[in-house]
Amino acid sequence: MRKLTLLAVIGAVSLFGMNGIEVVNKVNARDDGQQVSRKLKMVLVNKHGKQRVRETKSYRKYYGEDKKSIIFYTAPKRVAKTAFLTYDYKDKEDQQWLYLPAIKKVRRISASDRGDWFLGTDFSYEDIKKETKISTDDYIFTLDGEESVDGYKCYKIVGTTKNRDIADELGYSKVVNFIDKEIFIARKSIFYDVRGELLKVMHSQDIKKIDGIWTITHMYMENKQNGHTSDFYFSDIDYKTPLKDKLFTKQALKRGK
Amino acid sequence: MKKSYFKWVVNNPLKVIVVGMILIVFGVLGMTRIVKDTSADAFIKADDPALVSKNKLVELFDLNDPMVISIQNNQGIYNKETLNVVYDLSKEIQEKFTEVQNDGITSLSRQKNIKGVTDGMEIEYFVQHKNLTPKEIEEVREGIEDFPMLQGILVSKDSKATLVIVDLKQNADAEKVYKKLVALVKKYETNNIKLYVAGEGAVTGYMGAYIDHDARVLNPVAGIVITIILFIAFRTMGGTLLPNVIIAGGVTVGLGLMGYAGISFFIITNALPVVLIGISVADSIHILSTYYERRRDFSDESINDAVVETMMEMFRPVTLTTITTIAGFVGLSLSSVMPPMYYFGIFASIGIGMAWVYSLSVLPAMIAKFKLTQSKLFIKKEQTTSRFASKMAQLVMRYHHYLLASTAFVVLIGILGFNKMIINEDRLSVFSPDEPLVQADYEINAHFNGSHYLDILVQTDEAEGLFEPSVMQKVQALQAYAKTLSHVQGSVSYVDYLKQMNKSLNENQSDFYKLPNSSEAASQFFLLYNASASSDDFDNILDYDYQKANIRIYVNSGEYIKEKPIVLALRKYLEEHFNTKGLQGEVSGRVNIDFEWVNKIENSHFKSVAISLLLVIAMAWITFRSFFTSVLVTLPVVLSILTIYAVMGFSDIWLGVGTSMFASIAIGLGVDFAIHTAERMEYLYVQGLRGFKRVEAFYASTGRALYFNALALALGFGVLVVSKVVVLEKFGALVTVAIASSFVYALVLIPSILVILEKKDEK
């Protein structure tokens, strides 16, 4: 079996002229804007069909290889003005603060682990942080041919975590990405848990070019183990308007921008 | 009609035998389809409100019965050695057990601490890695001390034990996982550290293995015991082996049909084969005894004629006793509120019916086909048993007044015992007290808040209704009230999380361990809590739109008499202080189910006794066409039931799930002795025998057969005493006493009463 896979990989390399890591590098080289402001509507549905809808306004800005982001909740009413501020550093531990309007306090909270669930959704903090980019430090990639997803030709890239510790940290032992051959965005990703069992499937839909940047406007993640789903709808996306540094401060958290 | 049937049977024995064998094969094939159901829920009807409510709760809050591993160290758990075990064990189970849910482990290394610090809060695992430093260990200890909700639940209040709670994907894997966990934890034991596997999931899991083991011991022992009795009774190869074919017919067809009907094998079903073995053999003993007597008395008769005449003579008593025995089991089914007992009654009846069919077809066919040789024990009319018969007859003739008077004494003792008897049940009492699982449960209840859960389902009218301050206060008050009840050790609900959050967000000041003051705050706290929690983290305490919640109350006893006051008190409290427009609380969960089904025994047991007695009287009345005789044959079983109540009352045996079944079965079986006695005494009267001669002749013939019949039944049921399932052991002991006593009462009282009546008639 392994031999066959190897042959398939060699075949794939010679056929398409790219290997797994090269495809991944192309994905990571894609421009995703120096800064972005956007609205995000999260529709979360549990296995009984019950729904939670959360609406936010969020901002993100790169500072070299570090980045800062802030999320303000706008709906439902009871959680409106609740906000999270995150500093992601390349070389040191991330920092995170939150503001709860009910107690009118800004609180530092310990950085989330990479494998933690992002705000009770089916995405992990790492999924969100990478913004559809793929970490080359964590996985070994192989190209497993081509497949069509939603009518688009894609490279099938199998990423296997480099070791058990990384798998534990991420909560994944393997991720299969289907990368659009033209725009180098994952149109579908399949995640396997540390035991190798199917965990989640992600679909990217309504991919549009906004301000010259290919942007996913609808992401759908389904947890195959607990039946929970998350739909992320992005709107009012703006890569152009500059964002002031003071937006990414504790004062801004409290101020609500 | 009957005669021509029996003639046909003895003339075509092979056909009858072959059909009989085919049916046995059919039964065996059916038996292979039987599946076990050892869950506690199996004891209650699927549409029972308590089970419906619990299932709703399970559906809403994903409450499967978990496996619980207790890690104990008498030196305390806050040391590197113990915390390493917690870390490694949690990791190994999560990685290797595919039956366990992803994120299905709750332990110190899998539970996040919410800790308030000067400028914020930290949310991280209590035990983040192996080999914690002394400083880190101290932080774990402080973290638990600051997290009241986890005390007594994740870590014992004396800090000497901590739990690893394992949630399975499906309860069906419980048996397999339990076995694997028991094997796995051994690896982690040291001189200081002991591990115990318990929890409802473990009980269900272990029960399966337990039943199998038990059945493998019980059934062969019962078969061997019966065969030995048959050998002693007849001392012939045929007399010993042929009844075993009848047993096979009754047992395989009875259990086989259970398999075809898709009825599960419950824990008490384990007694069914043994019961059928004991009962099925009775008809054969009577038929063979009569056959041997006939061969002795009419030695020039052909074997076939002897068989036909024997069957003609025995058809009526054998049929009658079968009907009354079935009546007892039907009484059990009719009055039973629990599916296991209902089906026990049904399939025991079918098995007994089949044994009757075999006794009236395959048995005579085999006697004819194999030309059964005469038993040496029956060659001489004057045998040792006759000496015993004369002694018994003398006793009855001389002392019948005293014998009758002594029944008053039995009644008195019975009533006294009945008053002392208590209705109680504990699911763990199924197992022998020295079983590791029982030990584990004991340890967990000794260290933690309790392994028995009572759940209260709280429902509001609208989404996020649970965050209304008035609702949160009511939930808090309800938990405080529950804590005042005896055997309630603690409880957990969403308001405990809110209080913990409030404290953490306020620099860990204990003054802030209180409810948030607005619904917005509650809503935002949960949003924050969810910030790093899995999407299904709160599934077992809150529904998705915060409209319904589960309050879990921990009880440290599984005994009905201790759980009953808790359930009743909480129901009353909810009615009087909690339920209002837009807010409803409902008692549910395992403890509520346990309460409901044992409570039903309390109500159904006596109904079942009454139904069985009425059925037996009705059957006897129809057959003997005499109301007096029907009451006469019922008298010994009434006395034997009173005897059992006395035994239970004076030796502290609870009237519970298994033991409550004894009465109907004892009635159905016990009455057989009385019927055979009354029938034979009447036959002898018609034959012209009077007084001493009549009584002596009775003891020498039917009396002897009844003796072996009673012995087979008593020892057959007596085999259950070696069962490791305590319920069956007690059930077996009680039925054995019932059989022995109804045998004695029937053989002493009925001749005594008939002798008195005979004397009156003469006057």
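Excluded from the calculations below are hydrogen atoms, water molecules and symmetry mates; all remaining heavy atoms, backbone and side chain alike, are included. Naming: A, B, ... by sequence-line order, numbering from 1 per chain. It should be emphasised that the depicted structure is a prediction, and the values quoted were computed from it without experimental measurement.
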### Query
Which one, B/S518, B/S519, B/A522, leads in non-hydrogen pairs under 4.5 Å with chain A?
B/S519
### Task
Return the option, out of B/N517, B/L505, B/D543, with the maximum number of heavy-atom pairs under 4.5 Å with chain A.
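Winner by heavy-atom pair count: B/L505.
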Report, as yes or no, whether the 6.0 Å neighbourhood of atom [atom1] on [X] holds more than 12 heavy atoms from other residues, nucleotides or ligands.
X: A/K250; atom1: NZ; result: no
X: A/K67; atom1: NZ; result: yes
X: A/K129; atom1: NZ; result: yes

### Query
From A/H48 NE2 over to B/E59 CD, what is the distance, rounded to the nearest 0.5 angstrom?
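If I round to the nearest 0.5 Å, the distance is 5.0 Å.
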### Task
Can you measure from CZ (A/F84) to CG (B/L527) and round to the nearest 0.5 angstrom?
5.5 Å
Distance-minimising heavy-atom pair for [X] and [Y]:
X: A/R195; Y: B/T98; result: NH1-CA, 4.1 Å
X: B/A521; Y: A/A102; result: CA-CB, 3.3 Å
X: B/N506; Y: A/K105; result: OD1-NZ, 2.6 Å

### Task
Let me see the working for B/K91 and A/D168 under side chain to side chain contact (heavy atoms under 4.5 Å, CB included), right down to the final yes or no.
CA-CA 10 Å; B/K91 193 165 188 282; A/D168 281 343; 3.4 Å; yes
### Query
Is there a side chain to side chain contact (heavy atoms under 4.5 Å, CB included) between A/I103 and B/F525 once you walk through the steps?
CA-CA 10 Å; A/I103 57 166; B/F525 285 7; 4.2 Å; yes
In terms of heavy-atom proximity below 4.5 Å to chain A, should [X] be classed as side chain, backbone, both, or neither?
X: B/F97; value: backbone
X: B/K169; value: side chain
X: B/Q547; value: side chain

### Message
Under 4.5 Å from any heavy atom of chain B, what part of A/D193 do you find: side chain, backbone, both or neither?
### Response
side chain
### Atom group of A/V194 that falls short of 4.5 Å from chain B, counting heavy atoms
neither
Check ion pair [X]-[Y] (N to O, under 4.0 angstrom):
X: A/R78; Y: B/E468; result: yes
X: A/R107; Y: B/E507; result: yes
X: B/E520; Y: A/K77; result: no

### Task
Could you point out which residue of A/Q51, A/K50, A/H228 forms a side-chain hydrogen bond (donor to acceptor under 3.5 Å, both in side chains) with B/Y544?
A/H228
### Close side-chain approach of B/L528 to A/I109, heavy-atom, < 4.5 Å
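Counting from C-beta outward, B/L528 and A/I109 do come under 4.5 Å.
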### Task
Name the member of A/L199, A/L100, A/L98 that forms the most heavy-atom pairs with chain B at distances under 4.5 Å.
A/L100
### Query
Going by atom types alone, do A/R52 and B/Y546 pair a side-chain donor with an acceptor below 3.5 Å?
yes
